[in-house]
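FYI, side chains are in, hydrogens and waters are out, and symmetry mates aren't considered; it's all heavy atoms of this structure. When a ligand or atom number is given, it counts from 1 through the structure's own listing order.
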Amino acid sequence: MDDLLIRSGHVIDGSGGPGREADVAVLDGRIAAVEPRSARPARRVIDARGQVVAPGFIDIHTHSDFTLPLNPRAESKIRQGVTLEVVGNCGFSVAPVLPGRAQLQREYLASSAPWLEFRESTFADYVTAFPATSVNVILQVGHNTLRLMTAGLDNRPVTAGELGAMERMLEEALAAGAWGLSSGLFTAPGNFADAAEIHTLARVLRKYGAAYSTHMRDESDQVFEAVREAIAVAEATGVHVQIAHLKLSGVNNWGGAAKLLAEIEAARQRGVPVDCDAYPYDTATNPLRNLLPRWVVEGGVPAMLERLGRAEARARIRADLARDGLTNFGRIPSWDVVRVAIAPHLPEEAGRTLGEIARRRTLDPLDAVCDFLIADRGATRILIASMSEKDVREIIGTPWVLVGSDANALATSGVTGQGKPHPRSYGTHARLLGSFVRDLGLLSLPTAINKTTGASAAALGLGDRGVLRAGCWADVAIFDPARIAERATYDDPHQYSVGVSTVIVNGDVVLDGGDHTGTLPGRVLRRPAGPPLVDRRRLM
Ligand SMILES: [Zn+2]
């Protein structure tokens, strides 16, 4: 007897093919059958009439390693139908932390993971101690973390000895099950690394059949050069490269989406193993300090705070921003497009723009920014509306661009329910299937589902998830295509999406009639030993 029979739903199986009326049987955590009007007996029957039955969604780029230990039920993600999160992105991972380096890591990640505790840990210990969660998790090790552990925040090439230490830590992490390496070349200390350093580490990845994902060196005025740098890693080493949260930031770059996409598509057509992902919003989120010139953060957070208090440093920042625009984000119309998301030491300021804060204090905006960073001990996180909606729609509307929220699993109550974080934590996948597919018609439903299921699994080299097929793991999302929608807004982000009724993870029902059951059936998916079993190039 099967454990579950999902009856009479419209099955969209994740392959990109059209939907069909079918029943889905689940036994021992796996899909047992997908067949019309199944007569298989089951302990429980779920009536899916009028709903779509799809593979659980793969959120291919997230930072939930910063919140899953605090919110193992992964509420904001589960309620969108997400069943797998890829974490450890943008060069940031919680481990490894070498002896004596925990405080450095704590300061460094305060604006990304303000509520998490950091302690000395090998990657293997981290994997072992990772909590049981409602979603499945793929862990990556971060290049910024490896560099922080060896060269700190020094602006210089690593020595041969330091590079050797980074390679050894990477090997340890891969041996412990890390899926691959992520980089964050946009910010210190990753931006101090040259292409050769990344290629050296990518050769370690190739030995293990592991993957590379990158928050590129630039997403604004040099975004084309940055895309070429990412593609070159795949070309030189054969390692699969995932370009994270593809965007064109800064008013000077608006309108360039088609050209940027064409560059990546041409590489894919040459057979280069490269994929990219995006989130369906025109607003990014980042530590406030990352908007300032890169020299500001050299030497670490305490050095930055001391620097920001000095008039000559502010004058130099002002001149740099006037010449180059904001670091990582390019030119913005004004500081009114930058708003405080989370300020651990000034929580009452969450939701205000830096333009408003400056006017209230009758300060020049840059002085207000520097004062704010000092008062918040460098830990401020902001939202910045730096993209054009037209580019966002063009990128999201491209069938081969995958879907990554770039966001943490949050909950409306508890420690992760604080501040005004980016609504994408709660809304990415519901916005894709509601606003972008149903309301705007940018993509067909089977194509959109393929992006976030089958095509994402293929990019990851996962052969047994992302499709509803007998033998695959039973990760399933059941939703009403007429009702699925995001509710979270910038003003009121802590709101769950609606329209998803049932979510199944490894055969266990996690969301039941729209309610979280509290069960934690997710597991850390460890990269299989040796070369990948599945050809990482697109399977479907
Ligand atoms: Zn990133």
Side-chain angles (χ1 to χ4, degrees), residues 59-67 85-94 108-114 138-148 179-193 198 211-220 222-223 226-227 229-230 233 241-250 253 260 264 274-291 294 297 326-330 338 341-342 380-387 391-392 395-396 401-409 421-425 428 456 459:
D59 198 340
I60 202 164
H61 180 100
T62 93
H63 293 282
S64 291
D65 38 342
F66 298 152
T67 55
E85 293 204 64
V86 180
V87 308
N89 274 298
C90 301
F92 311 131
S93 57
V94 175
Y108 180 73
L109 287 176
S111 51
S112 300
I138 281 178
L139 302 170
Q140 299 171 99
V141 62
H143 169 252
N144 284 356
T145 302
L146 298 183
R147 216 177 197 274
L148 197 66
W179 209 264
L181 177 76
S182 78
S183 74
L185 303 177
F186 69 112
T187 192
N191 64 295
F192 305 139
I198 299 300
Y212 173 66
S213 72
T214 180
H215 179 149
M216 298 185 298
R217 204 173 286 277
D218 193 276
E219 295 181 330
S220 54
Q222 269 87 49
V223 66
V227 160
E229 182 182 4
V233 175
V241 172
Q242 181 75 25
I243 296 175
H245 40 62
L246 189 74
K247 63 171 79 74
L248 295 107
S249 202
N253 308 300
L260 194 62
I264 300 169
V274 59
D275 277 281
C276 68
D277 55 77
Y279 49 79
Y281 296 86
D282 67 1
T283 294
T285 178
N286 225 265
L288 175 57
R289 65 173 190 245
N290 283 349
L291 277 54
R294 295 192 164 105
V297 75
L326 297 176
T327 302
N328 296 312
F329 295 95
V338 182
I342 294 166
T380 312
R381 194 164 187 85
I382 51 89
L383 296 162
I384 176 166
S386 64
M387 294 166 247
D391 284 335
V392 171
I395 291 169
I396 292 291
V401 174
L402 309 176
V403 184
S405 68
D406 196 16
N408 301 343
H422 198 302
R424 67 195 185 186
S425 282
T428 293
S456 293

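Below the 2.8 Å limit, the Zn ion (ligand 1) has as protein N, O or S neighbours Cys90 SG, His215 ND1, His245 NE2.
For Arg424, the salt bridge (charged side-chain N to carboxylate O under 4.0 Å, His left out) partners two or more places apart in sequence, or in a different chain, are Asp406.
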Original post:
What's the verdict on side chain to side chain contact (heavy atoms under 4.5 Å, CB included) for His245 and Ile395, showing C-alpha distance, side-chain angles and the deciding distance?
Top reply: CA-CA 10 Å; His245 40 62; Ile395 291 169; over 6 Å; no

**OP:** Step by step, work out the side-chain hydrogen bond (donor to acceptor under 3.5 Å, both in side chains) result for Thr214 and Ser183.
**Re:** CA-CA 5 Å; Thr214 180; Ser183 74; 2.8 Å; yes

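Residues Asp65 and Thr62 share a closest heavy-atom pair of OD1-O, 4.4 Å.
Side-chain contact check for Asn328 and Arg294: at least one donor-acceptor pair (N or O, by modelled atom type) lies under 3.5 Å.
Taking the side chain as every heavy atom from C-beta outward, Phe92 and His63 approach each other to under 4.5 Å.
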